[in-house]
2 protein chains.
Amino acid sequence: MILEDSVLEKEISQAVIRRMPRYYRYLGELLDEGVERISSGELSERMSVTASQIRQDLNNFGGFGQQGYGYNVSFLYEEIGKILGLDQNHNIIIIGAGNLGQALANYMKFDRLGFHTIALFDVKEELIGKNIRGIEVLHVKELDHFVKTHDVDIAALTMPKSSADDIANHLVSLGIHAIWNFAHVDLSIDAKDVVVENVHLSDSLMQLSYNIVKNK
Amino acid sequence: MILEDSVLEKEISQAVIRRMPRYYRYLGELLDEGVERISSGELSERMSVTASQIRQDLNNFGGFGQQGYGYNVSFLYEEIGKILGLDQNHNIIIIGAGNLGQALANYMKFDRLGFHTIALFDVKEELIGKNIRGIEVLHVKELDHFVKTHDVDIAALTMPKSSADDIANHLVSLGIHAIWNFAHVDLSIDAKDVVVENVHLSDSLMQLSYNIVKNK
DNA sequence: TAGATTGTTAATCGATTAACAATC
DNA sequence: TAGATTGTTAATCGATTAACAATC
């Protein structure tokens with residue numbers, strides 16, 4: 001039974017996953033425009049990808065379309081939302097209440113997607129007690145107690161890289177399984193069931209820089 | 001001659017480019033540790049990639065190693081820096097002086113890499129005149145004059161998505177060729193010689209969310 | 001010199017695109 | 001029904017890995 005499951009369950013490549021939020025975004029726009037149905041051909045033109053890729057991508061998760069008709073926009077939007085886990089709520093804590101941490105806490109867009117920041121943490125006394133859209137900045141020494149008494153799904157690391165690895169491993173030991181890492185390091189976490197998503201801003205800037213120089 | 005050039009010039013894939021900043025980061029660490037030379041084998045273990053990929057990647061840009069010896073850390077570090085354009089200065093302006101814009105302006109790390117923020121722009125009166133590490137927040141109405149009188153290499157867009165596309169195209173018309181886009185939209189710029197690097201934070205969060213749900 | 005490790009070619013693997021039968 | 005468009009298989013393309021001759 002277990003064997004059968006693992007055999008049937010085809011792993012979906014991260015290349016596909018990376019494209020799903022973009023589909024979700026475009027379908028949201030179509031929805032706003034009042035478009036009811038769309039074919040892979042039309043969508044492909046809008047998004048500058050091949051229609052083949054769209055159909056192939058979607059069929060990793062099931063047949064959401066109908067021959068001769070195309071895809072129902074609102075249905076597909078909902079389905080991709082479910083695939084991405086947007087049908088459930090995710091509580092976020094942010095470690096590092098500097099500008100970046102505060103910026104993340106301020107994004108109302110994340111709330112609309114089901115991601116709710118419930119606390120920020122920092123070590124700087126002048127930040128403790130500060131309130132961002134009703135979200136309080138707490139001292140890091142309260143982290144353990146907070147995590148044990150709240151439902152925390154994601155920890156965003158927006159503190160300096162020097163402490164990132166220690167904090168990350170500590171959070172994992174507290175039972176956190178998902179880390180959104182903005183620190184400029186690759187975290188070394190041995191636990192196998194922890195997912196890490198990196199946002200390396202300086203890497204992104206260097207990529208841009210490469211393309212600038214190449215362009216000249 | 002032109003034909004010959006374009007034939008010889010093999011386009012390097014973005015997959016390779018995306019890995020270069022990571023090599024740069026690890027080499028920087030080795031440098032800090034005082035390591036003088038490293039083989040692709042040792043580096044591959046540290047970075048959890050194949051030695052083959054490292055050699056293949058580097059050889060897109062030239063032979064930086066030596067048979068029987070490996071790679072000289074500081075030389076390779078310098079060379080990758082050059083490839084990524086870190087041997088030159090890049091002036092950045094940030095459009096949108098909210099938390100995210102301020103966070104970017106505050107990153108001293110970028111300065112160390114040669115990326116200097118020289119101004120922020122916003123429309124909110126309460127932000128105008130504010131000073132971040134000596135960088136002033138100006139009103140957007142001064143944008144044209146500023147760009148014409150300064151050497152601006154990169155524009156970072158950290159304002160709401162509603163105005164992102166208009167501003168982006170306006171910046172391009174002012175002669176800016178590189179955009180670091182944090183707005184949650186795909187910019188539609190027709191100019192062919194403009195490079196855009198997107199940082200879609202909500203896409204990143206959704207990817208994380210997918211992996212959380214899959215993990216359960 | 002012998003040993004180590006690169007640079008590079010060849011083999012494999014995976015992802016994208018094309019094609020088309022199934023079907024609404 | 002005829003036309004449109006999907007779902008899916010097959011073909012192509014590109015990226016990764018393996019292998020090894022070149023050479024320090």
Side-chain angles (χ1 to χ4, degrees), chain A residues 7-23 26-27 30 35-80 83 207 210 214, chain B residues 7-23 26-27 30 35-80 83 207 210 214:
Chain A
V7 166
L8 289 174
E9 212 176 287
K10 54 172 182 265
E11 185 75 15
I12 292 158
S13 78
Q14 288 297 313
V16 174
I17 304 308
R18 223 173 299 125
R19 287 192 289 266
M20 298 309 287
R22 189 155 179 265
Y23 292 135
Y26 275 82
L27 286 162
L30 286 166
V35 177
E36 253 180 41
R37 69 184 192 88
I38 193 151
S39 67
S40 58
E42 289 170 277
L43 189 57
S44 83
E45 233 170 278
R46 250 180 120 109
M47 296 185 64
S48 304
V49 297
T50 64
S52 209
Q53 181 164 76
I54 292 174
R55 295 203 299 278
Q56 200 72 273
D57 281 353
L58 296 178
N59 274 89
N60 280 298
F61 303 98
F64 301 126
Q66 194 170 76
Q67 283 99 329
Y69 173 87
Y71 299 88
N72 177 288
V73 174
S74 78
F75 174 71
L76 187 56
Y77 181 77
E78 286 299 320
E79 288 301 315
I80 295 180
I83 290 163
Q207 235 177 284
Y210 170 83
K214 190 192 68 177
Chain B
V7 166
L8 289 174
E9 213 177 287
K10 53 172 183 265
E11 185 75 15
I12 292 158
S13 78
Q14 287 296 314
V16 174
I17 304 308
R18 221 174 300 125
R19 287 192 290 267
M20 298 310 286
R22 189 155 179 265
Y23 292 134
Y26 275 82
L27 287 163
L30 286 166
V35 178
E36 252 179 41
R37 69 183 192 88
I38 194 150
S39 68
S40 58
E42 290 170 280
L43 189 56
S44 83
E45 232 171 279
R46 251 181 120 107
M47 297 185 63
S48 303
V49 296
T50 63
S52 208
Q53 179 164 78
I54 292 174
R55 295 203 300 279
Q56 200 73 273
D57 281 353
L58 296 178
N59 274 89
N60 279 299
F61 304 98
F64 301 125
Q66 193 169 77
Q67 282 100 329
Y69 172 87
Y71 300 88
N72 177 287
V73 174
S74 77
F75 174 71
L76 187 55
Y77 181 77
E78 287 299 319
E79 288 302 313
I80 295 180
I83 290 164
Q207 236 177 283
Y210 170 85
K214 190 193 67 176

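Chain letters run A, B, ... following the sequence lines, proteins first and then strands; every chain starts at 1.
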K.L.:
Take the protein atom CG of B:N60 and the nucleotide atom P of C:dG7, then report the distance between them rounded to whole Å.
P.N.:
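About 12 Å, once rounded to whole Å.
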K.L.:
Could you tell me the separation between the CZ atom of A:R37 and the P atom of D:dT5, rounded to a whole number of Å?
P.N.:
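From A:R37 CZ to D:dT5 P: 6 Å.
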K.L.:
Under 4.0 Å from OP1 or OP2 of C:dT17: is there any side-chain N or O of A:T50 that close?
P.N.:
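For C:dT17, OP1/OP2 do have a side-chain N/O of A:T50 under 4.0 Å.
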K.L.:
Between D:dA19, C:dA19, D:dT9, which nucleotide has the shortest distance from any of its atoms to the side chain of A:Q56?
P.N.:
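Nearest nucleotide to the side chain: D:dT9.
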K.L.:
Nearest 0.5 Å, what's the CD-OH distance between A:E36 and A:Y69?
P.N.:
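Interatomic distance, A:E36 CD to A:Y69 OH, rounded to 0.5 Å: 6.0 Å.
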K.L.:
Pairing check on D:dA21: which nucleotide meets the Watson-Crick or G-U wobble criteria with it, both distances under 3.5 Å?
P.N.:
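Check on D:dA21: paired to C:dT6, both distances under 3.5 Å.
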K.L.:
Would you mind reading off the distance between B:R18 atom CZ and D:dA15 atom P, rounded to a whole angstrom?
P.N.:
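About 10 Å, once rounded to whole Å.
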K.L.:
Does B:S40 place a side-chain N or O at less than 4.0 Å from the phosphate oxygens OP1/OP2 of C:dT6?
P.N.:
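So the side chain of B:S40 is within the cut-off, an N or O lying under 4.0 Å from OP1 or OP2 of C:dT6.
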K.L.:
Rounded to whole angstrom units, what separation is found between the CD atom of B:Q14 and the C1' atom of C:dA15?
P.N.:
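Rounding to the nearest Å, CD of B:Q14 and C1' of C:dA15 are 17 Å apart.
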K.L.:
Quick one: which of C:dT17, D:dT5, D:dA19 gets closest to the side chain of A:S52?
P.N.:
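Between C:dT17, D:dT5, D:dA19, the one nearest the side chain of A:S52 would be C:dT17.
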K.L.:
Does atom CD (B:Q14) have a neighbourhood of more than 12 heavy atoms from anything else shown, all under 6.0 Å?
P.N.:
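Counting other residues, nucleotides and ligands, CD of B:Q14 exceeds 12 neighbours.
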K.L.:
I need the minimum non-hydrogen distance between A:R22 and A:M47, along with the two atoms involved.
P.N.:
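For A:R22 versus A:M47, the nearest heavy atoms are NH2-O, 3.0 Å.
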K.L.:
Any side-chain N or O of B:R55 under 4.0 Å from OP1/OP2 of C:dG7?
P.N.:
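It does not, given that no N or O in the side chain of B:R55 lies less than 4.0 Å from OP1 or OP2 of C:dG7.
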K.L.:
Given B:E42 and B:S39, is the side chain to side chain donor-acceptor pair (under 3.5 Å) satisfied, shown in steps?
P.N.:
CA-CA 5 Å; B:E42 290 170 280; B:S39 68; 3.2 Å; yes
K.L.:
Report the distance from atom CD of A:E11 to atom P of C:dA15, rounded to the nearest whole Å.
P.N.:
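Interatomic distance, CD of A:E11 to P of C:dA15: 11 Å.
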K.L.:
Would you say B:R19 places a side-chain N or O within less than 4.0 Å of OP1 or OP2 belonging to D:dT16?
P.N.:
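Answer is yes, contact under 4.0 Å.
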K.L.:
Which whole-number value in Å describes the distance from B:L58 CG to C:dT6 P?
P.N.:
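Atom-to-atom, B:L58 to C:dT6, this comes out as 10 Å.
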K.L.:
May I have the distance from B:F61 (atom CZ) to C:dT8 (atom P), rounded to whole angstrom?
P.N.:
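Going from CZ in B:F61 over to P in C:dT8 covers 15 Å.
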K.L.:
Mark yes when over 12 heavy atoms from residues, nucleotides or ligands other than A:E45 sit less than 6.0 Å from its CD; otherwise mark no.
P.N.:
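Result for CD/A:E45: open.
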K.L.:
D:dT12 P sits how many Å from A:Q53 CD, rounded?
P.N.:
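Answer to the nearest Å: 19 Å.
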K.L.:
Heavy atoms from C-beta onward define the side chain here; which of D:dT17, C:dA22, D:dC24 lies closest to that of B:Q66?
P.N.:
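Ranking D:dT17, C:dA22, D:dC24 by closest atom to the B:Q66 side chain puts D:dC24 first.
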K.L.:
I want to check one thing: is the phosphate of C:dG7, taken as OP1 and OP2, less than 4.0 Å away from some side-chain N or O of B:Y71?
P.N.:
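For B:Y71, the contact criterion (side-chain N or O under 4.0 Å from OP1 or OP2 of C:dG7) is met.
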K.L.:
Pick the closest DNA chain C nucleotide for A:V16 and for B:S39 by heavy atoms, then say which residue is nearer the 5' end.
P.N.:
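It is B:S39, whose closest nucleotide lies nearer the 5' terminus.
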K.L.:
State which of D:dT8, D:dA18, D:dC24 makes the closest approach to the side chain of B:Q67.
P.N.:
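Comparing D:dT8, D:dA18, D:dC24 against the side chain of B:Q67, the answer is D:dC24.
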